[in-house]
Amino acid sequence: QVYLVESGGGLVQAGGSLRLSCTASGRPFSNHAVGWFRQAPEREREFVGFISRSGFQTYYPDSVRGRFTISRDNANNTVYLQLNSLRPEDTAVYYCAAKSTIRILMTAQDYDYWGQGTQVTVSS
């Protein structure tokens, strides 16, 4: 079992930045790839980024590429999501998810473990 806790959300003006953290406990985190997702009210959960177990591979959808950056610190069991140039449409609850895999995963159903989410609100 892997337990994930997100933090770092908040209210920010358009154009601003936030850094979200996903801290893990339980099974060795370095064995797990991590994805970040977001969900706005009445919308489906949306993939916003992936990082491999080692951190050498990352992947982003077009909607956030160049604005969002994922990194990880396996020594401290933490994955980060840096959000830059935020827009009102980025407003959502952001979730991290983990799975022990070498594959690149972009679908929520592929992940085994989830955090509780952290709210990001971007004002115009």
Side-chain angles (χ1 to χ4, degrees):
Q1 184 74 17
V2 175
Y3 302 92
L4 304 174
V5 178
E6 301 94 335
S7 60
L11 173 64
V12 63
Q13 289 188 332
S17 298
L18 284 173
R19 189 176 78 160
L20 308 184
S21 298
C22 172
T23 302
S25 60
R27 299 179 68 181
F29 194 44
S30 58
N31 292 343
H32 293 75
V34 173
W36 282 93
F37 294 80
R38 66 186 179 188
Q39 189 165 20
E42 301 183 357
R43 299 192 67 174
E44 292 188 356
R45 195 162 293 191
E46 176 189 9
F47 168 74
V48 296
F50 167 90
I51 189 164
S52 64
R53 298 181 303 177
S54 65
F56 289 147
Q57 283 184 297
T58 57
Y59 185 83
Y60 308 93
D62 290 343
S63 58
V64 307
R65 187 175 294 121
R67 300 190 299 123
F68 292 5
T69 303
I70 299 177
S71 59
R72 68 188 297 162
D73 178 354
N74 283 339
N76 289 300
N77 294 329
T78 302
V79 170
Y80 302 99
L81 179 64
Q82 179 69 40
L83 314 175
N84 294 330
S85 302
L86 282 163
R87 306 166 180 169
E89 54 264 39
D90 294 319
T91 294
V93 177
Y94 282 71
Y95 300 88
C96 63
K99 182 178 178 69
S100 179
T101 183
I102 61 172
R103 296 164 52 206
I104 297 175
L105 302 177
M106 295 177 280
T107 304
Q109 295 89 324
D110 288 332
Y111 287 87
D112 295 326
Y113 307 107
W114 289 84
Q116 83 292 346
T118 186
Q119 176 71 46
V120 171
T121 303
V122 184
S123 63
S124 58

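Scope of the values below: all heavy atoms of this structure, side chains included, with no hydrogens, waters or symmetry mates.
- Atom CD of Gln82 and atom CD1 of Ile70 lie 11.5 Å apart (nearest 0.5 Å).
- Atom CZ of Phe29 is separated from atom CG of Asn74 by 7.0 Å, given to the nearest 0.5 angstrom.
- Residue Leu83 is tested with Val48, Val120, Thr69, Val12 for a side chain to side chain contact (heavy atoms under 4.5 Å, CB included); the sole match is Val120.
- For Gln116, the CD atom is densely surrounded, since the number of other residues' heavy atoms within 6.0 Å is greater than 12.
- Taking each heavy atom of Ala33 and Thr101 in turn, the nearest pair found is CB-CG2, 3.9 Å.
- Other residues, nucleotides and ligands contribute at most 12 non-hydrogen atoms within 6.0 Å of the CD atom of Glu44.
- The minimum heavy-atom distance linking Thr118 with Gly8 is given by the pair OG1-N, 4.2 Å.
- Using a distance-only test at 3.5 Å, with no hydrogens or angles considered, a donor-acceptor pair links the side chain of Arg72 to the main chain of Ser52.
- Leu20 and Leu86 fall within the same hydrophobic cluster, where Ile, Leu, Val, Met, Phe, Trp and Tyr residues are linked whenever their side-chain heavy atoms come under 4.5 Å apart, directly or through other members.
- Following chains of ILVMFWY side-chain contacts shorter than 4.5 Å, one cannot reach Phe68 starting from Tyr80, and the two form parts of different hydrophobic clusters.
- When all heavy atoms of Thr78 and Ser21 are compared, the pair lying nearest together is CG2-CB, 4.2 Å.
- Partners of Phe47 according to the ring-ring contact (aromatic ring centres under 6.0 Å, His included) rule, which considers only residues two or more places apart in sequence or in another chain, are Phe37.
- Taking both residues in full, the closest heavy atoms of Asn84 and Ser17 are given as OD1-OG, 2.9 Å, listed atom of the first, atom of the second, then distance.
- A salt bridge between Asp90 and Arg87 is absent, with no side-chain N of the basic residue lying under 4.0 Å from a carboxylate O of the acidic one.
- Nearest heavy atom pair, residue Ala92 against residue Gln119, reads O-NE2, 3.4 Å.
- The distance from atom CZ of Phe50 to atom OH of Tyr60, rounded to the nearest 0.5 Å, is 11.0 Å.
- A continuous path of ILVMFWY side-chain contacts below 4.5 Å connects Tyr94 to Leu18, so both sit in one hydrophobic cluster.
- With hydrogens and angles ignored, the 3.5 Å screen pairs no side-chain donor or acceptor of Tyr95 with any backbone N or O of Gln39.
- No chain of hydrophobic side-chain contacts below 4.5 Å, direct or via other Ile, Leu, Val, Met, Phe, Trp or Tyr residues, connects Val34 to Tyr59.
- Although no hydrogens or angles enter the test, the distance criterion places a donor-acceptor pair under 3.5 Å between the side chain of Thr91 and the main chain of Val122.
- One hydrophobic cluster, built from ILVMFWY side chains closer than 4.5 Å, cannot hold both Val5 and Val79; they sit in different ones.
- Aromatic ring orientation, Trp114 versus Tyr111: perpendicular (interplanar angle above 60°, classes split at 30° and 60°).
- Closest non-hydrogen pair, Ser85 versus Arg67, comes out as O-NH1, 3.0 Å.
- Within 6.0 Å of the CZ atom in Arg65, the count of heavy atoms belonging to other residues, nucleotides or ligands exceeds 12.
- In this structure, Glu6 contributes its side chain and Cys96 its backbone to a donor-acceptor pair below 3.5 Å.
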